[in-house]
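To start, the structure itself, in structure tokens.
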Amino acid sequence: LPAASLQNWPFGPCSTAGMPARRMLVSNVESVGLRPKWRACTPVLYEFTRIAMSATPAFAPLQEALDFLELNPDVEMFELFILDNNGVPRGKLLHRDELLEVYKNGRPLPSTILGLSINGDDVENTGLVWDVGDIDCRAFPISGSLQRMPWRLIPMAAVQVSMHPQSGMPATVADPRHLLSKVIDGLKADGYYPVMAAELEFYLLDQQRDSNGRPQPARDADGQRPRATQVYGLRELEQIEPFLADLYSACKLQGIPARTAISEYAPGQVEITLEHRNDALQAMDEAVRYKRLVKGVAHKHGMVACFMAKPFDDLAGTGMHMHVSLADQEGNNLFASEAPDGTPLLRHAVGGMLDTLLDSLLMFCPNANSYRRFQSNSYAPLAATWGVDNRTVSLRVPGGPAYSRHIEHRICGADANPYLAAAAILAGIHRGIREQRDPGAPVEGNGYAQATEMLPTDWLTTLRALEGSSWAKE
């Protein structure tokens, strides 16, 4: 290995004087108690050390924990979690006495915690399992994530962590939050500051299946089970008012900017928007914690909140629409324009997202079920199209005053990892701007009827596209 890369090895910088690189690496690995075979270890170490990480993130200060403990003397347990690449929160339950140490020195977590399948099994070819001896990697708290969980039966709080750029290695390179941070850093270096918001749909399901073993909508407050679509129905929202009251209360307590709620295009389907944030990383942090909150509040009310992309063959799919614009350093919207289709910069951004859509589709649709959502006349996308105030296309530029001009990315299923999806969106935008990509004319009218090049409807095609993409590797 090149000597320069050894200076970034997670066990600390080493001198190359007087010893070959191979022996030096083995010595450092052995110094922490591991005995890996060099043959198995070499390619993994190289992959870990050659990836450029984002700037050191601003982890939460110790004072945040001290203030929380003083204000919440009744909280005895803390749920510490990190989000894996499948979008699954994983972690540990800590006692109150352990919290301050997490803020001071981080929490060691096994490298395998970010190398698991969606079922929680080790994925050996991630290089995070046997090759590194399932080594401990240090994770530190994310600022603002330490919040009470009012839906739990006992006084409890949660704190989200992320791998440290150095002491979190080798798991750091598998932390999806770091990927998004790196992409944001790249945009900021060119003077673009991404503004984002997530808009998540979900089903409220009964904890009991029907007589055929199928999931079914949860009962309303009147004891009846919803059967009709009733999109935008106000009575439908009134029937789940106890759930919504607790949800909005929990969001307020946790500082999550939950806004408009609607009854969506299926029985028991709900959508709640989150307010945009000038810090795109904060916006996705909040989306991650919001999903955890929705599931927790639903469980408290005897329901299951389902973010599966297509839980029912004959009903609407469930999406995560991502709203994005770019600002300058002073916060001025660079997409702002009286023209409905925005500025040339906006159109270049659209062009970049369309150009990279196939290569990044796996990050928008990560599961086999995700592709069942792509159906004509379903309000879900079908092709690589864009339009102005048009919900039949994949990339929509909503109407509104000039200062609010932005792009609504409508492709992600609600099962997507917010960090990975946002990273792919912003990286596509960055490419479009750098290369001044032309998106072509916006679609007018029925985008389904005009679609020519359809999005893939199978998992394997998108997996191969991502694997073979030089843009994705970059």
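Position 1 is the first residue of the sequence, and the numbers go up from there. As the structure is a computational prediction, the values presented were derived from the model and not from experiment.
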Once rounded to the nearest 0.5 Å, what's the spacing between atom [atom1] of [X] and atom [atom2] of [Y]?
X	Y	atom1	atom2	result
Ile113	Asp122	CD1	CG	11.5 Å
Arg227	Asp220	CZ	CG	10.5 Å
Ile184	Leu426	CD1	CG	6.0 Å
Leu420	Ile425	CG	CD1	11.0 Å

Quick check: does any side chain N or O of [X] sit under 3.5 Å from a backbone N or O of [Y], one acting as donor and the other as acceptor?
X	Y	answer
Trp151	Leu247	no
Thr229	Val231	no
Ser337	Ala402	no
Arg90	Leu116	no
Glu264	Gln269	no

Can you find a side-chain donor-acceptor pair between [X] and [Y] that sits under 3.5 Å?
X	Y	result
His321	Glu408	yes
Asn446	Thr392	no
Arg405	Asn333	no
Gln224	Arg219	no
Thr461	Asp458	yes

Residues, nucleotides or ligands: over 12 heavy atoms within 6.0 Å of Tyr265 OH
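Atom OH in Tyr265 is not crowded, with 12 or fewer foreign heavy atoms closer than 6.0 Å.
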More than 12 heavy atoms from other groups under 6.0 Å of CG on Leu71:
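More than 12 heavy atoms, drawn from other residues, nucleotides or ligands, come within 6.0 Å of this atom.
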Partner set under ring-ring contact (aromatic ring centres under 6.0 Å, His included) for His430, not counting sequence neighbours
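Testing His430 for ring-ring contact (aromatic ring centres under 6.0 Å, His included), a comparison that skips the adjacent residues, returns none.
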Under the ring-ring contact (aromatic ring centres under 6.0 Å, His included) test, which residues partner Phe202, sequence neighbours left out?
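ring-ring contact (aromatic ring centres under 6.0 Å, His included) check on Phe202 returns Phe307.
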Kindly say whether the aromatic ring centers of His178 and Tyr419 come within a distance under 6.0 Å.
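Ring centroids of His178 and Tyr419 are no less than 6.0 Å from each other.
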Measure from the ring center of His406 to the ring center of Phe335 and say whether it is less than 6.0 Å.
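Between Phe335 and His406, which both carry aromatic rings, the centre distance is not below 6.0 Å.
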Taking salt bridge (charged side-chain N to carboxylate O under 4.0 Å, His left out) as the criterion, tell me which of Arg292, Arg277, Arg177 meets it with Asp285.
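The passing option is Arg177.
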Sub-4.5 Å side-chain heavy-atom contact between Leu204 and Val304:
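Answer no - side chains too far apart.
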Salt-bridge test for [X] and [Y]: reply yes if a basic N is under 4.0 Å from a carboxylate O, no otherwise.
X	Y	result
Asp389	Arg396	yes
Asp313	Arg372	no
Arg225	Asp206	yes

side-chain contact (heavy atoms from CB on, under 4.5 Å) with Asp210: which residues, sequence neighbours excluded?
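Partners of Asp210 under the side-chain contact (heavy atoms from CB on, under 4.5 Å) test: Asn212, Arg214, Gln216.
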